[in-house]
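Below is one structure, written out as structure tokens, with a few remarks after it.
Below, each value reflects all heavy atoms present in this structure, side chains not excepted, and no hydrogens, waters or symmetry copies. Here, residue 1 is the first one in the sequence, and each next residue gets the next number. Remember, it's a predicted structure, so these values are computed and weren't measured experimentally.
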Amino acid sequence: MGETRTFILPNAQQCDNGKSTAYQMQNLLGCKFSVQTDYAKNELTITKSAI
């Protein structure tokens, strides 16, 4: 918990797909994800936290 990972993706669409996947996975894993997207750099930053 509390771990943060940043992913550099090929384009903005992939950032949106990653964000959607993270929000879907939080229900399966029983946790919460905070997601920040930097569309200028195509970076997706995901932080895992407890519910």
Side-chain angles (χ1 to χ4, degrees):
M1 297 299 169
E3 184 177 351
T4 299
R5 296 231 177 142
T6 300
F7 301 92
I8 299 171
L9 301 167
N11 55 47
Q13 180 63 46
Q14 295 300 314
C15 291
D16 288 339
N17 292 343
K19 183 186 290 190
S20 177
T21 301
Y23 287 136
Q24 290 173 2
M25 289 299 295
Q26 66 187 3
N27 294 325
L28 295 172
L29 298 176
C31 62
K32 288 291 263 183
F33 289 111
S34 171
V35 181
Q36 288 97 19
T37 307
D38 183 343
Y39 290 105
K41 297 179 182 177
N42 292 328
E43 287 183 354
L44 184 68
T45 302
I46 302 173
T47 304
K48 184 178 180 183
S49 59
I51 293 180

Of the non-hydrogen atoms in [X] and [Y], which two are nearest, and what is the gap between them?
{"X": "F33", "Y": "Q26", "result": "N-OE1, 3.0 Å"}
{"X": "A22", "Y": "V35", "result": "CB-CG2, 4.0 Å"}
{"X": "C31", "Y": "S49", "result": "CB-O, 3.5 Å"}

Is I8 atom CD1 crowded by more than 12 heavy atoms from other residues, nucleotides or ligands, each under 6.0 Å away?
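Atom CD1 in I8 is not packed in, count stays at 12 or less.
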To the nearest 0.5 Å, what is the distance between CD1 on I46 and CZ on R5?
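I46 atom CD1 to R5 atom CZ measures 10.0 Å (nearest 0.5 Å).
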Value rounded to 0.5 Å, distance of CG in N27 from NZ in K32
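These two atoms lie 8.0 Å from each other.
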Which residues satisfy the side chain to side chain contact (heavy atoms under 4.5 Å, CB included) test with Y39, sequence neighbours excluded?
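Applying side chain to side chain contact (heavy atoms under 4.5 Å, CB included) to Y39 gives A12, C15, D16, K19, T37.
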